[in-house]
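Working notes, beginning with the structure itself.
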Amino acid sequence: MYNLIKEDVIEVEIVDSIMGSHKTTKILEWIDKHYTTDRFIYVSPLISEVGEGGRLHKDLKHAKFHSPNTENSKSKSDDLLAMLDDGLNICCTHSLYLLMDNRHLAAIKRHNYILIIDEEIGVISDYHRFSEPDIDSLMTLNCIERQESDGMLIWTSDDTSFDKPSHKYYGLKRNIVSGVVYTAKRSNKMLVTQLPVKLFTVAKRTIIITYMFEGNILSCFLKLKNVRYKPFTEIEPVSVDKKDIRQLINMYEVKGKWKVIETFKLSNTWYTAKEAYRNSTTKDIKLIENFISSFARNTGCDFVDLMYTFPKDKRFDNGNKKRIAPKSLIDRDVINDITGEVELEKVWIATQTRATNDYAHKTHLVHAFNRYPNTSIQAYLQDYGYGVNNDVFATSELVQWVWRSAIRKGEPITLCIVSTRMRKLFDKWLNE
């Protein structure tokens, strides 16, 4: 689907700068200086940044951007295509950008767009719909084979029975034919899907705004795909002194009877695997729940002030018995004092959350998650020579999560990092 376009080899350009360095503000100023000579696509994870009335529309002084909608088209994707065909400056979300097909890419190339991606896009995902025996069986039947260079699965069978929607492997065949399913060398159960690399290479220039890029998933993906990258040097983010950051953080110590939770692995597997595999017990999960309640009591915060994180499977609305639901400290509706409207006040905030200002009022944080890259993604990248740096991955995600809180406004926070490993990584980062 994406192999019809050929483009010259480009170097993706990286703005790698710490939170609070005003890199987005600087890039918007740069756009305003070049809007008469260049066309731009600005991609953000947040609709609040790129939707109608969002930051791009408010902060740009000269350049005019358009946000795809469904007023004049059946879908936002169709509206995006119409705007690209007209050569307009466009701002959209990551999710909409990832829906582009070859028609969109052709228009981007035709109009020599500059693509700006704010925050890293998830380029590789775990593909767990089928098991290792499924893949082994299809290989034995000569239905699929693995491409040696990068592990892409190739459909090799002429059997038309797979084309029936009722067939067990109908969806798998469609995905393989589309060229998006890959497998690690070590095991056929390590399946992943990937974005087409042309999403990053078809534009005249591609600029990615991020932090702690090198050694993380996107840098490994670009290396695997033989895409070169270099620093973007046409803006100068503001210098940030970590001494100022340290002064805003009151680290909450795990002590007394709670010290036992520091011995827990707190990884995704520990939280979610069965007790038979010597991972978390119902008692362990209850202990973490009680610790969060104790943290709130001891620091005098309520659910509006509080944010915490652990695997989504353990959220209070999961429904299974091994869930974490601190009493009175879960998501619930509140009335906005200014607008009078009912809004959901979130307390559990996903550990991979980036960019948003929605939680900038949160002053008390509990991080109870020892983070590693997804096992299949890490195995796949390692097998092809570009493994993710586990500590870079964990640190970058942790500091981004912390920066969703009031610290992004220069206000003090109370922070508890339960995992010993994660706390050491944070201390190392904070004192570098």
Side-chain angles (χ1 to χ4, degrees), residues 19 44-58 67-70 76 91-96 98 118-119 122 252 268 271-272 285-286 288-297 299-369 371 397-409 411-418:
M19 306 78 59
S44 167
L46 301 173
I47 191 65
S48 59
E49 293 276 314
V50 295
E52 291 294 342
R55 180 178 181 182
L56 256 73
H57 300 284
K58 292 178 179 178
S67 302
N69 56 58
T70 56
K76 287 187 178 181
C91 53
C92 68
T93 61
H94 284 184
S95 57
L96 181 57
L98 299 182
D118 197 348
E119 298 293 350
Y252 184 91
N268 189 68
Y271 271 109
T272 59
I285 297 300
K286 188 66 177 178
I288 293 173
E289 176 183 288
N290 291 339
F291 172 75
I292 294 173
S293 296
S294 172
F295 170 87
R297 287 194 303 272
T299 59
C301 73
D302 62 15
F303 76 102
V304 175
D305 307 318
L306 179 66
M307 58 185 275
Y308 51 74
T309 196
F310 39 76
K312 187 176 182 179
D313 285 352
K314 293 294 168 241
R315 272 174 52 110
F316 35 80
D317 55 359
N318 183 338
N320 89 37
K321 293 181 180 179
K322 287 173 59 177
R323 61 179 182 168
I324 300 174
K327 187 177 180 180
S328 301
L329 299 172
I330 61 175
D331 296 2
R332 65 177 187 263
D333 289 336
V334 296
I335 298 176
N336 187 301
D337 292 336
I338 299 175
T339 65
E341 296 180 354
V342 176
E343 299 176 351
L344 180 65
E345 179 64 44
K346 293 185 178 181
V347 185
W348 179 89
I349 310 298
T351 185
Q352 66 270 26
T353 303
R354 291 173 175 252
T356 181
N357 292 318
D358 291 349
Y359 314 112
H361 59 288
K362 300 288 188 179
T363 54
H364 291 68
L365 294 67
V366 178
H367 190 285
F369 203 168
R371 289 290 287 153
E397 191 178 83
L398 171 58
V399 297
Q400 288 283 0
W401 186 83
V402 171
W403 246 257
R404 298 316 102 212
S405 72
I407 197 171
R408 67 186 294 105
K409 300 188 296 182
E411 297 176 3
I413 62 169
T414 298
L415 171 63
C416 179
I417 303 174
V418 180

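Starting from 1, each residue takes its place in the sequence as its number.
- Side-chain atoms of T309 do not come within 3.5 Å of backbone N or O of H367 as any donor-acceptor pair.
- Listed by chain and residue number, nothing satisfies the side-chain hydrogen bond (donor to acceptor under 3.5 Å, both in side chains) test with K312 (two or more places apart in sequence, or in another chain).
- Within 6.0 Å of CD1 on I335 lie no more than 12 heavy atoms contributed by other residues, nucleotides or ligands.
- Panel note: side chain K362, backbone L306; a donor-acceptor pair is recorded below 3.5 Å.
- Not counting sequence neighbours, the partners of H361 by the side chain to side chain contact (heavy atoms under 4.5 Å, CB included) test are V304, E345.
- Annotation for I407 and I413: closest pair N-CG2, 3.7 Å, computed over non-hydrogen atoms.
- In terms of modelled atom types and a separation under 3.5 Å, the side chain of R408 and the main chain of A360 share no donor-acceptor contact.
- Closest approach of L329 and D302 over heavy atoms only: CD2-C, 4.1 Å.
- Between the side chain of W401 and the main chain of I349, a donor-acceptor pair closer than 3.5 Å is present.
- Between R315 and R323 there is no side-chain heavy-atom pair separated by less than 4.5 Å.
- Scanning for side chain to side chain contact (heavy atoms under 4.5 Å, CB included) contacts around T356 gives L46, T353, D358, Y359, R404, with sequence neighbours left out.
- The minimum heavy-atom distance between T93 and V50, with the atom names listed, is N-CG2, 3.7 Å.
- The side-chain contact (heavy atoms from CB on, under 4.5 Å) with F310 is formed by just one residue from the set I292, I285, V366, V418; it is I292.
- Y271 and A368 get closest at one heavy-atom pair: OH-O, 2.5 Å.
- Within the model, atoms CH2 of W348 and NZ of K314 stand 12.5 Å from one another, a figure rounded to the nearest 0.5 Å.
- Closest of all the heavy-atom pairs between C92 and L96 is CB-CD2, 3.8 Å.
- Classified by interplanar angle (parallel below 30°, tilted 30° to 60°, perpendicular above 60°), the ring pair F316/Y308 is perpendicular.
- The only option from I330, D331, V334 that meets the side-chain contact (heavy atoms from CB on, under 4.5 Å) definition with F303 turns out to be V334.
- Between H57 and C91 there is a side-chain heavy-atom pair separated by less than 4.5 Å.
- Of the possible polar contacts, none joining the S294 side chain to the N290 backbone as a donor-acceptor pair under 3.5 Å is found.
- In this structure, K327 and E289 have side chains that are not in contact, with every pair of non-hydrogen atoms separated by 4.5 Å or more.
- Atom OG1 of T363 and atom CG of L415 lie 11.5 Å apart (nearest 0.5 Å).
- Once rounded to the nearest 0.5 Å, the distance linking CG of L344 with CZ of R332 reads 11.0 Å.
- Note that CZ of R371 is 7.0 Å distant from CG of N268, once rounded to the nearest 0.5 Å.
- No hydrogens or angles considered: nothing links the side chains of S405 and H364 as a donor-acceptor pair under 3.5 Å.
- Side-chain contact of E397 with T351: a donor-acceptor pair under 3.5 Å is present, judged by distance alone.
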